[in-house]
Amino acid sequence: MAIQIHDTLAGRKRELVPLVPGRLGLYACGPTVYDLSHLGHARCYVVWDVVVRHLRARGYQVKYVRNFTDVDDKIIKRAGERGEDPVALAARYADAYLEDMDALGNLRPDVAPRVSEHVPQILEMIGTLVERGFAYAPGNGDVYYAVRRFPEYGRLARRNLDDLLAGARVEPGEAKRDPLDFALWKAAKPGEPSWPSPWGPGRPGWHIECSAMTRAHLGAPFDLHTGGKDLIFPHHTNEIAQSVAAAGDGVHAESYCRHWAHNGFIEIDDEKMSKSLGNFFTIRDVLARHDAEALRLFLLGTHYRNDFNFADTLLADAERRLGYLYETLEKADRAAAGGAAGPEEPFAEAARAALDDDFNTPQVLAILAEAFTSANALCDRGGKRTPQERSRLAAFAREARAVGAELGLLARPPSEALLALRDRAASRRGVVAAEVEARIRERAEARKNKDFARSDAIRDELLASGVVLRDGPAGTTWKVE
RNA sequence: GGCACCGUCGCCAAGUGGUAAGGCCCGGGUCUGCAAAAUCCGUAUUCGGCGGUUCGAAUCCGCCCGGUGCCUCCA
C-alpha cells in the first residue's frame with residue numbers, strides 16, 4: 001500500500017516515493033536548546049514519531065535523524081543573561097529535551113547530531129558554496145549566501161524574491177550584497193563560542209547546520225524532511241538553497257530532499273503558542289498535571305497539519321478516554337483468557353490504511369472507537385462465551401495493541417495504566433486511597449445487611465469528594481472523576 | 001500590503017466530486033437494590049454567506065464575511 005503524504009514542495013498530497021525502494025531517510029528538524037520544550041514541541045515530535053512508527057510497521061527501513069541546534073544566537077544570548085557557558089546551557093537543555101521526549105513515549109532517533117560536532121562538515125560545505133559562486137566573504141569575517149544566484153529560491157514557501165524583499169533587514173555590521181542574503185558563517189564576537197575558519201574565527205549561521213548534518217547522515221537527495229510550518233521560511237527555504245547549490249544539481253529543490261512535511265501549531269486562545277509570545281506551557285508543566293500517554297492521545301486527536309487550541313479540559317477528556325481504552329483492553333484480556341487468538345480483525349488494516357493516507361490519526365482513533373465499542377459489547381454480553389467469541393476478543397486485544405503501537409499508545413499493562421491514572425486523579429483531588437477503601441469496606445458491610453440507605457450515604461459522601469464507586473460481581477472498585 | 005491556511009452538530013474533530021466518521025455533552029432503553037461503568041437507540045436534509053460548474057459539491061471555480069499563520073527568532 002502506497003503511503004500518501006502532503007508534500008509542502010508539491011503543495012498537495014502525493015505518494016511518498018523514497019529514492020531507494022523500501023528504505024527511507026527522514027530528517028526531523030530538532031529543537032534549538034536554549035529553554036525547556038513546550039507543548040508545540042511535544043506535538044511536533046509526537047507526530048513525526050508516529051510517522052516513523054507507521055513507516056516501519058509498513059516495512060520501510062527508516063533512518064530517523066533528529067538534530068540538536070546547540071550553537072545559536074538565542075543560546076548565546078540566554079547564556080549571557082545567566083552568566084552561564086553557552087555550551088553547558090545547550091547541553092543541559094538537550095538533556096531536558098530528551099527526558100521530555102522519553103516521557104512522551106517517542107522513539108529515540110537513530111542519529112541525533114549536534115551542530116557543535118559538525119563544524120568541519122559545515123566549513124566544508126561553506127567552502128564549496130564559495131567556490132561555486134553561491135556564497136561570498138566580504139572580508140568582515142562573515143560569509144553570506146547569494147540568494148539571487150539560486151533560481152528556485154523561495155519555491156518551498158511559494159514566494160518570490162520581490163515578495164520577500166519588503167521584510168528583509170540588514171543588521172548593523174553586516175555586509176550583504178542583497179538584503180535577502182543570509183549568513184552562512186558569522187564572525188566571532190568576544191565571549192562567543194567560535195571555531196577557526198578560512199574567514200577567521202566564527203560560528204555557523206542558523207540554516208547551514210541542517211544542510212551539513214543531513215548530508216553527513218542521510219546523503220543527497222534524501223527522502224523526507226519535516227518540521228513545524230513556521231520553519232518553511234526562512235529556515236527550510238535557505239536550507240534548500242544551500243544544499244542544492246553545494247551538493248545537489250544547483251537548480252532543483254528535489255536534488256536536496258524529495259518530500260517536505262510540516263505540522264500545524266498548538267494555540268492558546270486561538271493564538272500560536274510560542275516562546276516569543278510567552279504564551280506557552282512547557283511539557284513539564286503539563287505532565288505534572290496529566291498522564292503523558294493521555295497527552296499523546298490528545299495530540300493525535302487532530303490531524304498533524306491542522307492548528308488546534310490547547311485547553312486543559314480537552315486534555316482531561318483525553319485522560320478519561322485513555323482510561324476507557326485501557327479498561328476495555330483489561331476486560332477483553334480477561335474475557336479472552338484461554339482462547340486462541342483468531343485471525344486479524346478488519347479494523348486493524350482499516351486503521352493502517354488511514355495512516356497510509358497522510359497519517360490521519362483522528363481517523364485511526366475513530367476506527368479504534370468502533371472496535372472498542374464492539375469489544376465491550378462482546379465482553380458484557382451475558383451468558384457463557386463461546387470459543388469463537390474468546391478468540392475474537394483475543395484477536396481484538398492483539399490488533400488494538402498493534403495499532404496502538406503505531407501511535408505509541410496502549411503499550412502498558414492495563415492494570416498498571418489504570419492504577420497510574422487513578423493515582424494521578426486522586427492526588428489532583430486530594431483523595432487518599434486508604435481512606436476510600438476503608439469507606440468501601442464499611443459500605444460493603446451495610447450492603448450485606450441490606451442497609452441501602454447507609455450504603456448510599458457513603459457512596460454520596462465519596463462522590464462529593466470526586467470518588468465514583470462501581471459495584472461489580474468481584475466487589476466494588478473506584479475511580480476518581 | 002504580499003503569500004499561505006482555516007471556517008463541518010452545544011464542544012472537540014474526520015471527510016477534498018457520489019449523497020455528512022468518531023469522541024464529549026444531552027434525551028430514552030438494557031443492566032443494577034439504586035447507582036456507576038458498559039452497551040443500544042435518538043440527536044447536523046446539512047457543512048460561514050451568495051453565485052457558478054456538474055446528472056450530482058462540505059468537497060471544484062468566483063466574489064463576500066470571519067479567523068489564523070508566514071513575510072523578523074520560533075515546532
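Bear in mind the structure is a predicted one, so any value in this text is a computation, not a measurement. Values below: all heavy atoms of this structure, side chains included; hydrogens, waters and symmetry mates excluded. Chain letters run A, B, ... following the sequence lines, proteins first and then strands; every chain starts at 1.
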Legend entry - Geometric class of the His207(A)/His235(A) ring pair [parallel <30°, tilted 30-60°, perpendicular >60°]: tilted
Legend entry - 5' precedence on RNA chain B between Gly30(A) and Glu370(A) (nearest-nucleotide basis): Glu370(A)
Legend entry - Centroid under 5.5 Å and tilt under 30°, Phe452(A) to G33(B): yes
Inset, instruction - Using Watson-Crick or G-U wobble geometry with both distances below 3.5 Å, tell me the partner of G2(B), or none. - result: C70(B)
Inset, instruction - Name the pairing partner of A20(B), where a pair is Watson-Crick or G-U wobble with both distances under 3.5 Å, or state none. - result: none
Legend entry - Interatomic distance, Leu164(A) CG vs G1(B) C1' [rounded to whole Å]: 14 Å
Inset, instruction - Using both distances under 3.5 Å as the test, list the Watson-Crick or G-U wobble partner of C60(B), or none. - result: G52(B)
Legend entry - d(OH, Tyr27(A); C1', A75(B)) in whole Å: 13 Å
Legend entry - Separation between the P atoms of U30(B) and A58(B), rounded to whole Å: 39 Å
Inset, instruction - Salt-bridge test for Asp49(A) and Arg53(A): reply yes if a basic N is under 4.0 Å from a carboxylate O, no otherwise. - result: yes
Inset, instruction - For Tyr34(A) and A75(B), give me the distance from atom OH to atom P, rounded to whole Å. - result: 7 Å
Legend entry - Inter-nucleotide C1' distance (U16(B), A21(B)), Å rounded: 15 Å
Inset, instruction - Using the C1' atoms only, state how far C12(B) lies from G7(B), rounded to an integer number of Å. - result: 15 Å
Inset, instruction - Would you mind checking if Glu442(A) and Arg439(A) are paired as a salt bridge, meaning a charged N to carboxylate O distance below 4.0 Å? - result: yes
Legend entry - Nucleotide paired to G7(B) in any strand shown, Watson-Crick or G-U, under 3.5 Å: C65(B)
Legend entry - U59(B) and G51(B), which share atom name P, separated by this distance in whole Å: 14 Å
Legend entry - U43(B): pairing nucleotide in any strand, Watson-Crick or G-U under 3.5 angstrom: none
Legend entry - Nearest-Å distance once atom P is located in both U68(B) and C73(B): 23 Å
Inset, instruction - Nearest whole angstrom, please: distance from the C1' of C70(B) to the CD of Glu267(A). - result: 14 Å
Legend entry - Passing candidate, ring pair (Phe, Tyr, Trp, His ring centres under 6.0 Å) with Phe182(A), options Phe233(A), Tyr145(A), Phe150(A): Tyr145(A)
Legend entry - ring pair (Phe, Tyr, Trp, His ring centres under 6.0 Å) pairs, two or more places apart, involving residues 363-382 of chain A: Phe372(A)-Phe396(A)
Legend entry - Integer angstrom distance from the P of G48(B) to that of U8(B): 6 Å
Legend entry - Gap between atoms CG and P, on Leu156(A) and G69(B) respectively (whole Å): 20 Å
Inset, instruction - State whether Lys186(A) and Glu192(A) are salt-bridged, where the test is any N-O pair (Lys NZ or Arg NE/NH1/NH2 against Asp/Glu carboxylate O) under 4.0 Å. - result: no
Inset, instruction - May I ask you to say what Ile266(A) touches in the nucleic acid, namely base, sugar-phosphate or nothing, with a heavy-atom cut-off under 4.0 Å? - result: base
Inset, instruction - Run the numbers on Asp357(A) and Lys13(A) for salt bridge (Lys or Arg N to Asp or Glu O under 4.0 Å), then give the verdict. - result: CA-CA 9 Å; Asp357(A) 186 10; Lys13(A) 203 151 74 176; 2.8 Å; yes
Legend entry - All ring-ring contact (aromatic ring centres under 6.0 Å, His included) counterparts of Phe281(A), not counting sequence neighbours: Phe310(A)
Inset, instruction - Taking salt bridge (Lys or Arg N to Asp or Glu O under 4.0 Å) as the test, write out the residues that go with Arg459(A), two or more places apart. - result: Asp456(A)
Inset, instruction - Write down the partner of A38(B) under the Watson-Crick or G-U wobble criteria, each distance required to be under 3.5 Å. - result: U30(B)
Legend entry - Test side-chain hydrogen bond (donor to acceptor under 3.5 Å, both in side chains) applied to Glu99(A) - qualifying residues, sequence neighbours left out: Arg284(A)
Inset, instruction - Take nucleotides 2-17 of chain B nucleotide by nucleotide from the 5' end and write B, S or -, depending on whether a protein heavy atom sits under 4.0 Å from the base, only from the sugar-phosphate, or from neither. - result: BS--------SSSS--
Legend entry - Spacing between Arg321(A) atom CZ and G22(B) atom P, to the nearest angstrom: 12 Å
Inset, instruction - Take atom C1' in G49(B) and the same atom in A57(B), then report the distance between them in whole Å. - result: 16 Å
Inset, instruction - Please work out if Lys74(A) contacts a base, only the sugar-phosphate, or nothing of the nucleic acid, heavy-atom cut-off 4.0 Å. - result: sugar-phosphate
Inset, instruction - Working to the nearest 0.5 Å, report the span between NE2 of His54(A) and CD1 of Ile3(A). - result: 4.0 Å
Inset, instruction - Determine the contact category for Phe265(A): base if any of its heavy atoms lies under 4.0 Å from a base atom, sugar-phosphate if only primed atoms, P, OP1 or OP2 are that close, otherwise nothing. - result: base
Inset, instruction - Check Asp230(A), Thr8(A), Thr226(A) against His262(A) for a side-chain hydrogen bond (donor to acceptor under 3.5 Å, both in side chains) and give me the one that passes. - result: Thr8(A)
Legend entry - Interatomic distance at P, C60(B) relative to C6(B), whole Å: 9 Å
Inset, instruction - Measure from CH2 on Trp260(A) to P on A75(B) and round the result to the nearest Å. - result: 15 Å
Please list, for nucleotides 34-44 of chain B, all pairs of protein and nucleotide N/O atoms separated by less than 3.5 Å.
from: C34(B); atom 1: O2; to: Arg459(A); atom 2: NH1; distance (Å): 3.2
from: C34(B); atom 1: O2; to: Arg459(A); atom 2: NH2; distance (Å): 2.4
from: C34(B); atom 1: N3; to: Arg459(A); atom 2: NH1; distance (Å): 2.8
from: C34(B); atom 1: N4; to: Asp471(A); atom 2: OD2; distance (Å): 3.1
from: A35(B); atom 1: N6; to: Asp471(A); atom 2: O; distance (Å): 3.2
from: A35(B); atom 1: N1; to: Asp471(A); atom 2: N; distance (Å): 2.9
from: A35(B); atom 1: N3; to: Arg459(A); atom 2: NH1; distance (Å): 3.2
from: A37(B); atom 1: O4'; to: Arg470(A); atom 2: NE; distance (Å): 3.3
from: A37(B); atom 1: O2'; to: Arg470(A); atom 2: NH1; distance (Å): 3.3
from: A38(B); atom 1: O3'; to: Asn376(A); atom 2: ND2; distance (Å): 3.3
from: A38(B); atom 1: O2'; to: Asp380(A); atom 2: OD2; distance (Å): 2.5
from: U39(B); atom 1: OP1; to: Tyr324(A); atom 2: OH; distance (Å): 2.7
from: U39(B); atom 1: OP1; to: Asn376(A); atom 2: ND2; distance (Å): 3.4

Inset, instruction - To the nearest Å, give me how far apart CG (Asp317(A)) and P (G23(B)) are. - result: 13 Å
Inset, instruction - Both distances under 3.5 Å, Watson-Crick or G-U wobble: report the partner of A14(B), or none. - result: none
